[in-house]
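Quick caveat, the model's predicted, so the values are computed rather than measured.
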Amino acid sequence: MTGAPARPFLWLVVVATVLTGCTPSSGAGEIASAQPQASITVTPPQAAPTPSSPLPGDSQSTAPPQAAPTTPPPPPVPQPFALNLFREGDFVPQYTFDWCVAASIQMAHNLVDDTGGGTWAASAQQGELWEMARARSSDSFNGANPFGWAQVLNEVGMGPYKVVSVANYDDSLRTAARAITETGRPVGLVMWSGRHAWVMSGFESLGDPRVFTDFSVTGVRVLDPLYPHGSGQWGPSPEPNSLITPGQLATQFVVREPRRWSNQLPAGYLLVLPVGAVNG
């Protein structure tokens, strides 16, 4: 009978042990668990794409089309060009062997006058123009030189004109042709190394001087006031309004070396050249 009371004691021990496993392990309020707690991650909402940013995979979002390369147009090709100021009745002969400058002034007037009734051709007028040119030609051996020639053209209302010397022959022809094209006025040619005066009234070229800087003069229209006499040394006078080649002109249009009245000019081909608009 002494072993019977031991059973309830053992049962109480077991019950106490089970209860001990359910008490908190510390006073911090932490819950001990044999299973790990699930981790929850909160993802912030994605910003909506802006209208200017194409959506991935958007078939309508394409790069702007590239402009097709353009081919520059071919440069213009020089074409034959011609200009002639001469009209019937414009030619005037020189009435003495000295008055070539005065006759050239009369012809220049006729070439630019389009009234049809103002032809300058009188012998008395030619003598007056000669005296004017001679009076304006200092150191000219008592004659008229290109400076006097240009000055009279300016004073009678056909200028401005100036005397220029061009070193290269082809350049001198281009200079004269360009001046005629731009001003509509003739060019004075100082011939025979400074001893005679002709008028260049027109030309033919390959290329329009207004378009091409390197156009080539193929023909020259000339008026020699000494026609039909010519020169035994320099050659015959071309018929008025003749179209002669640059080679033919070169036999009488030659380099002028500086002399007493022209020592401020370099050696070259002398032109009495129209420049700018006509004096009012």
Side-chain angles (χ1 to χ4, degrees), residues 84 86 88-108 110-111 120-127 129-134 137 139-150 152-153 163-170 172-173 176 186-204 217-263 265-273:
N84 188 8
F86 182 82
E88 194 67 32
D90 287 345
F91 175 78
V92 180
Q94 59 186 82
Y95 296 112
T96 75
F97 283 102
D98 295 328
W99 291 358
C100 59
V101 165
S104 295
I105 294 171
Q106 287 180 312
M107 288 190 287
N110 298 340
L111 289 165
W120 287 9
S123 174
Q125 182 193 47
Q126 192 174 112
L129 292 170
W130 164 253
E131 293 297 338
M132 287 179 64
R134 189 172 67 164
S137 302
D139 297 328
S140 60
F141 303 99
N142 204 35
N145 65 30
F147 290 115
W149 181 359
V152 173
L153 287 169
V163 181
V164 301
S165 178
V166 183
N168 179 272
Y169 180 69
D170 290 337
S172 72
L173 297 187
V187 172
L189 303 178
V190 180
M191 309 296 290
W192 301 357
S193 191
R195 296 175 177 84
H196 191 38
W198 285 13
V199 175
M200 179 174 168
S201 57
F203 66 95
E204 291 186 359
V217 177
T218 58
V220 182
R221 298 277 181 183
V222 293
L223 302 172
D224 176 4
L226 197 56
Y227 177 82
H229 304 288
S231 166
Q233 176 184 356
W234 295 97
S237 296
E239 184 177 348
N241 195 39
S242 291
L243 180 68
I244 62 176
T245 68
Q248 291 172 320
L249 179 65
T251 62
Q252 302 193 51
F253 184 43
V254 297
V255 168
R256 171 64 158 75
E257 296 291 342
R259 297 178 188 170
R260 184 173 65 182
W261 63 266
S262 61
N263 55 14
L265 294 173
Y269 300 88
L270 293 191
L271 305 172
V272 180
L273 195 72

ask   = What's the verdict on side chain to side chain contact (heavy atoms under 4.5 Å, CB included) for V190 and V163, showing C-alpha distance, side-chain angles and the deciding distance?
value = CA-CA 10 Å; V190 180; V163 181; 5.8 Å; no
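- Separating the OG atom in S137 from the CE atom in M132 is a distance of 11.0 Å, to the nearest 0.5 Å.
- Not counting sequence neighbours, the partners of T245 by the side-chain contact (heavy atoms from CB on, under 4.5 Å) test are Q248.
- V166 approaches S172 most closely through the heavy-atom pair CG1-N, 3.6 Å.
- For the atom pair NE2 (H196) and CG (D224), the distance works out to 3.5 Å, reported to the nearest 0.5 Å.
- Checked by atom type, the side-chain pair D90/N241 shows no donor-acceptor distance below 3.5 Å.
- Side-chain atoms of T218 come within 3.5 Å of backbone atoms of E204 as a donor-acceptor pair (strictly under, hydrogens ignored).
- Considering all non-hydrogen atoms of both residues, V217 and V220 come closest at CG1-CG2, 4.0 Å.
- Between the side chains of N110 and W120, no donor-acceptor pair is found at a separation under 3.5 Å.
- With sequence neighbours excluded, the residues forming a ring pair (Phe, Tyr, Trp, His ring centres under 6.0 Å) with Y269 are Y169, F253, listed by chain and number.
- For Q106, the side-chain hydrogen bond (donor to acceptor under 3.5 Å, both in side chains) criterion is met by Q125, Q126, not counting sequence neighbours.
- Note that CH2 of W149 is 10.0 Å distant from CG of L270, once rounded to the nearest 0.5 Å.
- A197 and C100 get closest at one heavy-atom pair: N-SG, 3.7 Å.
- The two atoms that bring T251 and W234 nearest to each other are O-CE3, 3.7 Å, heavy atoms only.
- Considering only heavy atoms from C-beta on, P186 stays 4.5 Å or farther from M107 through its side chain.
- Of all heavy-atom pairs spanning A176 and V187, the tightest one is O-CG2, 3.6 Å.
- Inter-residue side-chain proximity for L265 and F147 is flagged as met; some heavy-atom pair is nearer than 4.5 Å.
- Using a 4.5 Å heavy-atom cutoff, the side chains of P225 and W99 are not in contact.
- Closest approach of P246 and G219 over heavy atoms only: CD-N, 4.2 Å.
- Contact check for V152 versus V101: no side-chain heavy atoms found under the 4.5 Å cut-off.
- Partners of S193 by side-chain hydrogen bond (donor to acceptor under 3.5 Å, both in side chains), not counting sequence neighbours, listed by chain and number: R259.
- For the atom pair CH2 (W198) and CH2 (W192), the distance works out to 8.0 Å, reported to the nearest 0.5 Å.
- Atom-to-atom distance recorded for R195:CZ and Q252:CD is 13.0 Å, nearest 0.5 angstrom.
- Note that CZ of R134 and CG of N145 are 12.5 Å apart. Values are rounded to the nearest 0.5 Å.
- For D98, the side-chain contact (heavy atoms from CB on, under 4.5 Å) criterion is met by T96, W130, not counting sequence neighbours.
- Take Y95 and apply the ring pair (Phe, Tyr, Trp, His ring centres under 6.0 Å) test, not counting sequence neighbours, and it matches no residue.
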